Amino acid sequence: MLIVETKRVGYDGKYALIVPDHAAGKRNRFTVYLIPASPSGKVLIVGRELTLGYSKQFAKKLLEQ
């Protein structure tokens with residue numbers, strides 16, 4: 001899957017990325033990454049082995065802050 005973001009956010013924005021967690025102990029679990037828009041920022045893993053529904057809620061709350 002390819003996701004293209006065309007909206008410019010500058011260096012003060014951030015993105016949440018939800019990907020399948022293949023190393024999880026259970027099936028259908030996901031990892032949430034927090035990616036800063038600045039090129040010098042660090043990518044953080046903020047949630048692992050979460051269900052898809054909870055991952056979406058968690059990512060939405062992170063981006064609202």
Side-chain angles (χ1 to χ4, degrees):
M1 174 173 37
L2 175 65
I3 300 172
V4 177
E5 180 67 42
T6 58
K7 181 177 59 172
R8 296 178 65 93
V9 295
Y11 287 145
D12 56 347
K14 55 188 171 183
Y15 299 94
L17 177 67
I18 301 172
V19 296
D21 190 352
H22 297 291
K26 294 182 180 180
R27 298 178 76 186
N28 299 324
R29 300 296 173 172
F30 297 84
T31 299
V32 180
Y33 294 92
L34 188 62
I35 303 171
S38 64
S40 62
K42 291 185 179 182
V43 175
L44 300 173
I45 298 173
V46 292
R48 282 202 67 223
E49 298 193 21
L50 305 173
T51 62
L52 183 58
Y54 187 73
S55 296
K56 288 179 181 180
Q57 290 175 357
F58 188 65
K60 189 179 287 189
K61 287 184 181 184
L62 279 174
L63 295 176
E64 288 175 355
Q65 294 178 358

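Only this structure's heavy atoms are used, side chains among them; waters, hydrogens and symmetry mates stay out. These numbers come from a predicted model, not from an experiment.
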Residue list, side-chain hydrogen bond (donor to acceptor under 3.5 Å, both in side chains) with Ser55, at least two apart or on another chain: none
Extract all donor-acceptor atom pairs below 3.5 Å that involve side chains of residues 18-37 and protein atoms in other chains or at least two apart in sequence.
from  : atom 1 : to    : atom 2 : distance (Å)
Asp21 : OD1    : Ala23 : N      : 3.3
Asp21 : OD1    : Arg48 : NH2    : 3.1
Asp21 : OD2    : Thr31 : OG1    : 3.2
Asp21 : OD2    : Arg48 : NE     : 3.2
Asp21 : OD2    : Arg48 : NH2    : 2.9

Joint hydrophobic cluster, Leu52 plus Val46, side-chain heavy atoms closer than 4.5 Å: yes
Same apolar cluster (I L V M F W Y, side chains within < 4.5 Å links), Tyr54/Leu44: yes
Pairs where residues 51-65 contributes a residue and the test salt bridge (charged side-chain N to carboxylate O under 4.0 Å, His left out) is met, not counting sequence neighbours: none
Pairs satisfying salt bridge (charged side-chain N to carboxylate O under 4.0 Å, His left out), at least one member in residues 30-39, at least two apart: none
